[in-house]
Amino acid sequence: MRKKIFQVNERPPLGQAIPLSIQHLFAMFGASVVVPASFGINPAIVLLMNGIGTLFFILVTKAKSPAYLGSSFAFIGPALIVISKHGGIEGGGFAYAQGGFVMVGLLGCVLALIVWKFGSRWIDIVLPPAAMGPVVALIGLELAGSAAENGGLLRGNLVDPKDVVVFIVTLGVAVLGSVLFRRFFSVIPILIAIVVGYITACFCGMVDFTAFMETGFFALPHFQLPKFSVNAITTMLPVLLVITSEHIGHQIVTGKIIGRDLLRDPGLHRSLFADNFSTAVSGFVGSVPTTTYGENIGVMAMTRVYSVWVIGGAAVLSVLLAFCGKFAALIMGIPGPVMGGISILLYGMIGASGLRILVDSKVDFSRNRNIVMTAVVFVVGLSGISITIDHIQLTGMVLACVVGMAMGLLFYLFDRFHLTNDQAETAADNGTEETP
């Protein structure tokens with residue numbers, strides 16, 4: 001018997017919804033707190049704005065697009081440059097980075113209005129399935145190394161056996177649980193794996209409870225206003241290309257998982273606006289930019305629970321967590337091998353979703369254009385090639401997306417002028433002559 005699918009607008013019973021929401025919260029937490037740690041700020045404000053941003057996203061997308069907004073990694077490089085140029089972390093440089101966050105978010109909102117005016121049909125032209133499939137797959141595959149690094153498995157001869165044990169136990173429970181668990185346990189294998197991995201790490205002496213003991217039960221997030229600098233803003237602007245490519249990819253893979261075309265309903269303009277407006281507001285109050293999170297997409301793909309009520313519940317828990325110092329400290333103490341073991345599976349699920357696009361779209365790889373496009377996009381994304389434009393590095397999925405869009409547009413123009421050789425082959429197969 002196939003396990004029950006919770007559709008986007010279905011509300012699970014409260015007894016099931018709470019652990020399902022906690023599962024999403026745990027899935028995003030490990031990566032989301034890395035960004036504020038890079039900037040030297042307290043993660044409480046980030047948890048608060050991630051939760052508020054997610055609720056706003058659900059509202060703007062009319063509760064049709066299940067997505068959790070976590071901290072964006074795309075801004076780390078340029079933000080650190082801005083911070084160093086304006087007195088460093090201790091000298092208040094982060095406030096100028098906030099100004100950059102705000103402006104990029106507002107410009108993203110303008111882009112959303114342009115998409116609303118002119119539509120999103122251009123995506124089908126510049127990113128046909130032969131390019132979109134590998135681009136989506138790269139969202140997960142390029143993160144595989146970070147999952148192994150987080151798990152402590154890329155240290156050569158210095159790999160700690162305890163890390164390996166916790167990593168394998170966590171991953172093993174998640175994998176076996178997804179296959180063997182029944183009834184409600186079959187939809188929370190991630191949560192169960194994290195708990196088992198955490199307990200295993202405790203037995204291995206890997207968990208430090210010092211922060212938990214020293215932190216009070218109530219903690220108020222730290223708010224601060226941004227400062228604006230032309231130099232800081234121009235340094236940040238190229239990130240808009242990165243986050244837009246990332247957003248489109250996430251919406252497409254989520255749509256494939258839940259069986260809906262999210263670019264048309266609720267519309268790319270709505271999700272793009274919500275994502276960027278959340279980034280602008282977060283930057284204005286002292287938090288970091290937000291983005292839809294691959295970890296939570298992976299949870300949906302694995303559990304087949306797509307309910308926005310569950311995502312919204314995770315957002316509410318994140319807001320409450322921002323004011324609960326001890327609980328935040330407890331979750332922040334989850335060892336890297338635990339999150340690494342979970343991430344291996346979640347990122348792989350995203351990669352498999354990209355391959356699913358190729359299968360569902362019935363991409364014909366006997367046509368040269370399709371095999372060439374897929375091959376180039378995959379190799380560009382996995383090769384480590386990078387292009388730097390004004391402090392912004394395009395690499396991995398983002399660079400592959402740009403290359404795929406360029407090839408898609410080029411092939412479209414070739415078709416318009418009847419230059420491609422597969423048109424002649426198709427006409428011959430059909431027993432007709434190609435019109436010159």
Side-chain angles (χ1 to χ4, degrees), residues 28 32 35-36 38-39 41-62 65 67-83 86 92-117 221-248 250-251 266-293 311 315 318-319 322 390-392 398:
M28 73 86 194
S32 200
V35 180
S38 301
F39 300 145
I41 65 172
N42 191 298
I45 184 65
V46 174
L47 292 175
L48 176 65
M49 297 313 299
N50 284 356
I52 293 175
T54 300
L55 294 174
F56 179 74
F57 186 94
I58 293 174
L59 176 66
V60 172
T61 57
K62 300 186 291 186
S65 178
Y68 193 94
L69 301 190
S71 306
S72 174
F73 281 73
F75 289 81
I76 291 180
L80 290 176
I81 293 174
V82 170
I83 292 171
H86 292 84
F94 180 70
Y96 289 95
Q98 288 178 242
F101 301 158
V102 172
M103 293 309 300
V104 170
L106 293 178
L107 287 175
C109 293
V110 173
L111 177 61
L113 294 177
I114 294 174
V115 172
W116 172 68
K117 179 67 176 178
H222 176 69
F223 297 90
Q224 69 176 34
L225 295 175
K227 295 180 180 179
F228 296 93
S229 162
V230 174
N231 178 268
I233 293 171
T234 55
T235 300
M236 292 280 189
L237 284 182
V239 180
L240 186 59
L241 172 63
V242 178
I243 61 176
T244 301
S245 301
E246 182 181 63
H247 179 89
I248 293 173
H250 283 180
Q251 286 299 101
L268 178 60
H269 62 288
R270 286 182 174 273
S271 62
L272 198 59
F273 177 85
D275 199 348
N276 283 280
F277 188 77
S278 174
T279 288
V281 174
S282 293
F284 190 79
V285 301
S287 185
V288 300
T290 59
T291 184
T292 49
Y293 246 37
I311 298 290
S318 184
V319 171
D390 192 21
H391 308 301
I392 302 299
V398 174

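Start at 1 with the first residue, then count along the sequence.
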Say you draw a straight line from CG of Leu47 to OG of Ser71; how long is it, rounded to the nearest 0.5 Å?
8.0 Å
Thr291: side chain to side chain donor-acceptor pair (under 3.5 Å) partners, not counting sequence neighbours
Glu246
Give a yes or no on this: more than 12 heavy atoms of other residues, nucleotides or ligands lie within 6.0 Å of atom CZ of Phe56.
yes
side-chain contact (heavy atoms from CB on, under 4.5 Å), that's the test. Do His222 and Ile45 meet it? Break it down for me.
CA-CA 6 Å; His222 176 69; Ile45 184 65; 5.6 Å; no
Check whether Gln98 reaches the backbone of Gln224 with its side chain - one donor and one acceptor, N or O, closer than 3.5 Å.
yes
Closest non-hydrogen contact found for Phe57 with Ala67 is CE2-CB, 3.6 Å
Candidate pair Asn50 and Leu69, rule side-chain contact (heavy atoms from CB on, under 4.5 Å), full reasoning
CA-CA 6 Å; Asn50 284 356; Leu69 301 190; 5.6 Å; no
One pair to check against side-chain contact (heavy atoms from CB on, under 4.5 Å): Leu225 and Phe284. What are the steps and the verdict?
CA-CA 6 Å; Leu225 295 175; Phe284 190 79; 3.9 Å; yes
Taking the side chain as everything from C-beta on, heavy atoms only, tell me whether Thr279 gets closer than 4.5 Å to Val104.
no
Intermediate values then yes/no, side-chain contact (heavy atoms from CB on, under 4.5 Å), Phe228 and Val102
CA-CA 9 Å; Phe228 296 93; Val102 172; 4.1 Å; yes
What's the spacing between Met49 CE and Thr54 OG1 if we round to 0.5 Å?
10.5 Å
Measuring from Ile243:CD1 to Asn276:CG, what's the distance to the nearest 0.5 Å?
4.5 Å
Please report the shortest heavy-atom distance between Pro266 and Thr61, naming the atom on each side.
CB-O, 3.4 Å
Any idea which heavy atoms bring Val288 and Ser282 closest together, and the distance?
O-CB, 3.3 Å
I need the minimum non-hydrogen distance between Leu268 and His247, along with the two atoms involved.
CD1-CD2, 3.7 Å
Judged by modelled atom types alone, do Ser65 and Gln251 share a side-chain donor-acceptor pair under 3.5 Å?
yes
Under 3.5 Å, is there a donor-acceptor pair between the Thr290 and Ser278 side chains?
yes
Supply the atom-to-atom distance Thr292 OG1 to Ile248 CD1, rounded to the nearest 0.5 angstrom.
11.0 Å
Heavy atoms of Pro221 and Ala322 approach each other most closely as CG-O, 3.8 Å
Taking all non-hydrogen atoms of both residues, which atom of Gly51 and which atom of Ser318 are closest, and how far apart?
N-OG, 4.0 Å
Just verifying a value: how many Å separate Leu272 CG and Phe277 CZ, rounded to the nearest 0.5 Å?
14.0 Å
Under 30°, 30 to 60°, or over 60°: which ring-plane class applies to Tyr96 and His86, parallel, tilted or perpendicular?
parallel
Distance from Leu111 atom CG to Phe273 atom CZ, nearest 0.5 Å?
12.0 Å
